[in-house]
There are 2 protein chains.
Amino acid sequence: MARLTMRDISHATGFSVFTVSRALSGGDGVSEQSREQILKAAQELGYVVNRAAQELRRANRDTVAVVTAGTSNSYYLDLMAGIQRALDPSAWTVIIGDVAVDGAYDARLEARIVQRLIESRTAGVISALTLQPEHTELLAKWDIPIVFVDSSPEAAHFPSITTNNHDASLMVGQHLAEHGYREWLFLVYPTKWSSRFGRESGLREAARLAGANLVVLETANDAASARTALAHHLDDSATSPHVLIAGNNPLLLGAMGLLRQRMIRIPEDMAVVAYDEFAWSALTDPPITVLNEHSEEVGRRAAMMLRGIIEEQEEAQRKGQSSSPRYLPEHQQQVPARLMLRGSCGCAAGSVLDGALVKSA
Amino acid sequence: MARLTMRDISHATGFSVFTVSRALSGGDGVSEQSREQILKAAQELGYVVNRAAQELRRANRDTVAVVTAGTSNSYYLDLMAGIQRALDPSAWTVIIGDVAVDGAYDARLEARIVQRLIESRTAGVISALTLQPEHTELLAKWDIPIVFVDSSPEAAHFPSITTNNHDASLMVGQHLAEHGYREWLFLVYPTKWSSRFGRESGLREAARLAGANLVVLETANDAASARTALAHHLDDSATSPHVLIAGNNPLLLGAMGLLRQRMIRIPEDMAVVAYDEFAWSALTDPPITVLNEHSEEVGRRAAMMLRGIIEEQEEAQRKGQSSSPRYLPEHQQQVPARLMLRGSCGCAAGSVLDGALVKSA
DNA sequence: ACCGCCAACCTAATCGTTTAGGTAAGGTGA
DNA sequence: TCACCTTACCTAAACGATTAGGTTGGCGGT
């Protein structure tokens with residue numbers, strides 16, 4: 001049946017296009033009776049407004065985008081849940097831009113997605129990775145606010161919600177030291193995901209304090225690469241690590257596959273701890289001790305912050321002031337993490353974290 | 001800096017808006033020299049085309065939407081990967097519409113998302129669940145083609161890529177019979193996901209042939225509900241099942257949590273098999289025997305089919321023929337599944353499936 | 001010199017909404 | 001009666017791109 005427009009509703013009801021528009025979008029200037037008549041006709045004809053035309057004419061946008069790299073990391077699922085919860089779906093549309101192909105970050109794809117977001121004049125962006133400087137600049141030029149989650153670009157004034165990775169990693173390291181481990185192997189993703197910095201520095205400090213030896217092994221951010229990297233490392237190095245620290249979920253998965261294949265027992269032969277809680281963590285063999293970022297809380301806060309920035313921006317624009325988003329110092333927040341002690345680190349079960357007690361399943 | 005338009009580029013270069021448009025979109029009628037000049041100016045000024053205006057004017061759309069319910073099911077991640085692979089990202093944009101809130105299907109959200117897809121005049125839809133009839137009708141009215149994956153609506157003429165769930169389930173059942181299990185418990189999600197039908201009928205037939213007793217326990221499609229439902233069932237029923245068949249991943253997760261808590265040993269006290277492969281399946285305690293749907297292949301095929309339908313539709317429209325999509329019998333395809341035998345069913349490792357041999361990790 | 005053709009470019013209409021700026025009818029108060 | 005509101009509605013001008021249908025100027029062929 002194709003192309004039904006307001007003009008068709010206008011003809012069907014005898015009202016002008018203006019009145020139809022007002023009736024459908026809920027503005028005033030239309031009597032209750034006429035509105036009902038128009039809504040009924042639109043419903044019957046199956047009319048749906050053309051968003052391209054609407055957005056072209058309207059000033060304010062209502063779509064925010066979440067930029068991630070590799071949604072296979074279950075961390076992102078919780079993040080998204082938090083974001084969705086903070087943005088009323090009847091008022092906002094959330095879209096996801098995944099800048100990874102086959103699970104691996106792709107620079108050209110990042111460029112295309114940023115381009116695409118500007119093309120559709122997105123109201124705001126939540127980014128789970130450090131974007132390339134030219135892209136943050138381009139978004140800034142178009143007055144599109146960005147909130148970074150668990151990452152923040154070098155240009156330091158951008159809003160961000162990050163986990164306090166340094167302190168959390170320090171806590172992890174202290175726990176490992178208590179177990180008596182001296183040789184630590186940190187299997188980690190590249191610095192594009194800037195949570196790397198805090199995690200590494202915290203572990204370094206803990207290792208220094210405990211007199212342990214920390215080896216950092218960098219790998220691409222997917223399970224297969226992690227497995228290969230770890231295999232080569234174990235083959236090449238003389239000493240075997242006492243404990244393996246997996247930088248995130250895909251890396252843990254790759255490492256666990258290798259350890260199982262090589263019949264390396266956990267934690268007897270090598271202890272394991274990992275970053276980021278995941279659904280199956282308590283049901284693996286053995287259950288995995290995990291540093292739990294509150295990614296849902298991170299998502300919730302990021303979305304609320306972004307919403308606030310957008311609203312303030314719109315208000316300023318109405319008043320004829322600058323239309324660029326205003327970033328304030330309080331737009332940089334940190335949320336604490338908790339350590340979930342399970343079998344893989346050498347513990348039995350039940351545990352301390354930031355002062356709170358956690359039972360494992 | 002706000003609102004940069006083609007007119008600005010036009011003023012900056014001295015060319016008309018027409019020439020700027022042609023230069024940027026790669027059409028002819030522009031000399032190579034002028035084009036370079038225009039591209040350079042656009043680049044320097046940071047101009048990005050306004051997609052709303054572009055889509056309003058243009059006939060053809062280039063966005064396809066994937067409708068899912070609860071992306072926490074890792075099945076969807078593979079599905080998405082397959083879809084992405086089949087749709088060249090420089091030509092197509094793929095968006096995800098998740099019709100679940102907090103992991104549970106939400107009817108009102110489905111209505112909103114369908115509305116939203118029509119508003120933006122989406123080129124086509126891939127749906128992972130049976131949509132409400134009024135919604136398939138509305139999409140049909142707007143000539144938006146739909147391909148269903150692992151589900152198909154009652155109106156039977158729609159394109160669909162489904163796993164051959166009946167035959168696959170029959171295979172599962174036969175395997176369970178070989179282990180000698182007589183009491184089967186099928187923990188399963190509602191029929192809104194229509195893969196339920198084939199899975200249940202295959203198990204029923206297998207149970208009949210083997211003289212086993214099949215109990216079907218329906219639960220909402222998330223881990224927490226599954227856990228509660230299973231707990232009540234085990235408490236209430238006199239006989240304990242020999243084997244638990246989990247209808248999908250979240251249900252398996254819920255069930256495994258309960259079995260571990262109650263110290264029910266797998267497979268000694270109760271065997272477990274599940275539908276849908278997942279990343280951690282070989283690393284749980286014990287490794288889980290799984291019926292592996294080739295969800296990436298399903299996604300790939302669905303995307304290719306949808307693309308074909310859209311292209312045919314556009315061609316017909318150019319010729320002035322009907323603009324509604326043409327659905328053919330060959331648009332209904334089935335892909336086979338494979339059974340991945342691991343420890344949880346009572347096997348040791350390594351296995352048959354559809355004639356192919358599979359090693360478990 | 002003349003004609004025709006092509007490349008390169010322009011003007012202006014158009015897509016489907018929203019909205020600024022009207023108007024006409026009816027009510028109200030002095 | 002008149003001036004003045006208010007309500008309910010309309011006309012017409014945007015929004016920023018694409019594109020049908022011109023208009024040039026230059027070149028080649030005869």
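Here is the naming used below: chain letters follow the sequence lines, and residue numbers restart at 1 for every chain. Here the structure is a predicted model, which is why all the values come from computation and not from measurement.
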- Are A/Arg300 and A/Ile83 side-chain neighbours, meaning at least one heavy-atom pair lies under 4.5 Å? no

- Task: Let me know the distance between CZ of A/Arg22 and P of C/dG16, rounded to the nearest Å.
- Result: 21 Å

- Just by modelled atom types, is the B/Lys192 backbone N or O under 3.5 Å from a matching donor or acceptor in the B/Thr130 side chain? yes

- Query: Hey, does A/Leu87 have a side-chain heavy atom less than 4.5 Å from the side chain of A/Val64?
  - Reply: yes

- Task: Nearest whole angstrom, please: distance from the P of C/dT18 to the CD of B/Glu119.
- Result: 10 Å

- Whole angstrom is fine here: how far is it from CG in A/Leu24 over to C1' in C/dT19? 15 Å

- Task: Take the angle between the ring planes of B/Tyr327 and B/His157 and call it parallel below 30°, perpendicular above 60°, tilted in between.
- Result: tilted

- Query: Between A/Leu306, A/Val147, A/Thr136, A/Ile146, which is the residue that forms a side chain to side chain contact (heavy atoms under 4.5 Å, CB included) with A/Val125?
  - Reply: A/Ile146

- Query: Less than 4.5 Å apart, any side-chain heavy atom of B/Ile144 and any of B/Ile118?
  - Reply: yes

- Note on the structure: The correct list of stems in which DNA chain D takes part (3 or more consecutive Watson-Crick or G-U pairs, distances under 3.5 Å) is C:1-30 with D:1-30

- Query: Does any pair with a residue in residues 41-50 of chain B pass salt bridge (charged side-chain N to carboxylate O under 4.0 Å, His left out), and if so which ones, sequence neighbours excluded?
  - Reply: B/Lys40-B/Glu44

- Task: Would you mind building the protein contact string for nucleotides 5-16 of chain D? One character per nucleotide, 5' to 3', B for base within reach (heavy atoms under 4.0 Å), S for sugar-phosphate only, - for untouched.
- Result: ---SBBB-BBBB

- Mind calculating the distance between CD (B/Glu55) and P (D/dT19) to the nearest angstrom? 13 Å

- Message: Measure CD1/B/Ile38 against P/C/dC10 and give the value in whole Å, please.
- Response: 8 Å

- Query: Atom CG of A/Leu45 and atom P of C/dG16: how far apart are they, to the nearest Å?
  - Reply: 16 Å

- Message: Within the structure provided, determine whether B/Arg61 and B/Glu55 are in side-chain contact (heavy-atom separation under 4.5 Å).
- Response: yes

